[in-house]
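Computed from heavy atoms alone, side chains included, the values below leave out hydrogens, waters and symmetry copies. Reminder, nothing fancy here: chain letters follow the sequence lines and each chain counts from 1.
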Amino acid sequence: MASDRKSDSKVELLLMGGSAGSLKVLLSLLPTLRQDLAFPVVIILHRKADPDSMLDVLLRNHTKLPVLEAEDKMTLQKGTIYLAPPDYHLLFESNKLVSLDYSEKLNYSRPSIDVSFQSAALACRDKLVAILLSGANADGVEGLKCVKSADGLVFVQDPDTAEVAYMPRQAIVHVKVDAVFKPEHFPGLINNL
Amino acid sequence: MLEPNVIKDEELEILLNDVFSVYGYDFTQYSKASLKRRVNRICVIDKFTSFAELRYHLLHHPEYLQRFVEEITVNVTEMFRDPGFFKALRDKVLPQLGTYPFIRIWLAGCSTGEEAYSMAILLREANLYNRSLIYATDLNPGVLEKAAKGIFPIAQMKLYSENYMLSGGLQDFSSYYMANYDVAKFDTKLSERIIFATHNLVSDSSFNEFQLVVCRNVLIYFDKELQNQVFTLFDESLDSLGFLALGAKETIRFSNLENRYKQLDTEKIWRKNM
Ligand SMILES: C[S@@+](CC[C@H](N)C(=O)[O-])C[C@H]1O[C@@H](n2cnc3c(N)ncnc32)[C@H](O)[C@@H]1O
């Protein structure tokens, strides 16, 4: 359960959202993650509704951490990377338990980053860290606001380093982000959370 | 737009308990994360500014219940959604069903009927339709009314026709409907052998024996315990050697059915043992 003690808040979940141009950042980040991460990492990428997509295989080839496609009512484990499956929204029942949802697309997207960020913010409060990467639409910006108002931490990729700057730029304009990072600094950031 | 969160966990509990005790609809074992989003959404659409206002309206206007139920459940659906699944039905399941003199199929959680019409098309193309009966059920009377009409937005037909072809369909998909302005009205011959009826998977029991039960994208809205309860209901409703088909992200793995059913390759279709 979330507690009100903000000072010793410990991260329980890391969420990363991205769209166009974010895969490259992820592929360079994943090999640098420490193997004993104390929390699960959940990745929400805009992807085609193609069930044969090999995105999980691709990610798996870039990290020693286990990579799983999130399944309905799956319990998240620390030190494991989860990928939101195509054509479903990913919701959080608690900081550890996820559900899938086939409701309307949001921002033309399913999975939508906003939907997962908001749901995780409600479930994890200040134990959540959310990172928004490169992308071409504003999906994620409203979600970051929810994370912020639940006292979670919000990081954004430096738009100048993003292949498509629109998404991180919108985030910086509309949300009080905790920090803006260049991709080469993400490993240090995440490994020290 | 992302709806702001206006409902607290405790308030959701209160609301669900109210709906159960006053109206008999039991959503208490539904996944809370989804319900919360739906309640937030209904507050925006129907302009309730607080939980208290929504609760008051719901409890004092019984005629609002149907809309409430329709909005807090997710009714999104498509024809031939996941074409690979329908291809597997065509290639692997229908030939088996064809060995029965009479085929009974249950589509549970059929929403506005797109899946039922897809199934009718498959059966017709396999020359099995005239000896089949499709029971298409849902807990929402509203979606069933729409389903019975067989009228869908014309704007969707391009996608449906692509899905249909990917599922192995060889006909001209537009031969199944009449275009009229912005809607497509499906051939009434397709609904001749479909019975649309309300059935609540949470509280209603088994009502027949089937050779095929299809329930896709409904169980993801239930908690594990309720999922298991519904699996038992399906088990009771299936003939031995009957087929159970679930949505792309649903599974009987880890359930009480696991040992008595065998999965057909990689599709979400399982066959009951003898
Ligand atoms: C997302 S739709 C799935 C439609 C279709 N099967 C598909 O996969 O495209 C979920 C449907 O389940 C229905 N449903 C939810 N709870 C139910 C219950 N307890 N009993 C029967 N149907 C239910 C909803 O009304 C909705 O129409």
With a 4.5 angstrom heavy-atom cut-off, could you sort out which part of [X] is near chain B: side chain, backbone, both or neither?
X	result
E142(A)	both
S99(A)	side chain
N107(A)	neither
V115(A)	both

Practice prompt. Show your reasoning for whether side-chain contact (heavy atoms from CB on, under 4.5 Å) applies to R41(B) and E104(A).
Written response: CA-CA 11 Å; R41(B) 184 185 144 90; E104(A) 297 77 2; 3.6 Å; yes
Worksheet, complete the sentence: Per-residue tally against chain A (heavy atom, under 4.5 Å) across I220(B), V76(B), N5(B), V74(B) peaks at I220(B)
Practice prompt. Specify which of K224(B), M1(B), E3(B), R38(B) makes the most heavy-atom pairs with chain A at under 4.5 Å.
Written response: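 So the answer, after comparing K224(B), M1(B), E3(B), R38(B), is R38(B).
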Item to complete: Any chance you could measure L122(A), atom CG, to I7(B), atom CD1, to the nearest 0.5 Å?
Response: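 Going from the CG atom of L122(A) to the CD1 atom of I7(B) covers 11.0 Å.
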Item to complete: State the NZ-CD distance between K36(B) and E93(A), to the nearest 0.5 angstrom.
Response: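 Between K36(B) NZ and E93(A) CD, I get 9.0 Å after rounding to 0.5 Å.
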Item to complete: Determine, stepwise, if the pair L2(B) / F117(A) fulfils side-chain contact (heavy atoms from CB on, under 4.5 Å).
Response: CA-CA 11 Å; L2(B) 188 70; F117(A) 279 12; over 6 Å; no
Discussion item. Taking the six-membered ring of Y102(A) as reference, does the cationic atom of R216(B) (NZ for Lys, CZ for Arg) lie under 6.0 Å from its centre and within 45° of its axis?
Written reply: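 No; the conditions do not both hold, so R216(B) does not lie above the ring face of Y102(A).
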Worksheet item: F92(A) ring centre to R37(B) NZ or CZ under 6.0 Å, with the angle to the axis within 45°?
Response: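 No cation-pi geometry.
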Fill in: Shortest non-hydrogen contact between L100(A) and K249(B), atoms and distance
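Scanning both residues completely, I find the closest heavy atoms to be CD1-CB, 3.3 Å.
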Discussion item. Set out, in order, the CA-CA distance, both residues' side-chain angles and the distance that settles side-chain contact (heavy atoms from CB on, under 4.5 Å) for D87(A) and R81(B), then state yes or no.
Written reply: CA-CA 11 Å; D87(A) 212 22; R81(B) 168 160 193 229; 3.6 Å; yes
Response to the item:
From the list S119(A), S103(A), S149(A), the residue making the most non-hydrogen contacts under 4.5 Å with chain B is S103(A)
Item to complete: Please flag which part of Q227(B) lies under 4.5 Å from any non-hydrogen atom of chain A: side chain, backbone, both or neither.
Response: side chain
Worksheet entry | Under 4.5 Å from any heavy atom of chain A - which part of F222(B) | backbone
Worksheet entry | Stepwise side-chain contact (heavy atoms from CB on, under 4.5 Å) test for D101(A) and S31(B) | CA-CA 10 Å; D101(A) 164 281; S31(B) 128; over 6 Å; no
Fill in: Pair E71(A) + R253(B): basic N to acidic O under 4.0 Å
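R253(B) and E71(A): salt-bridged.
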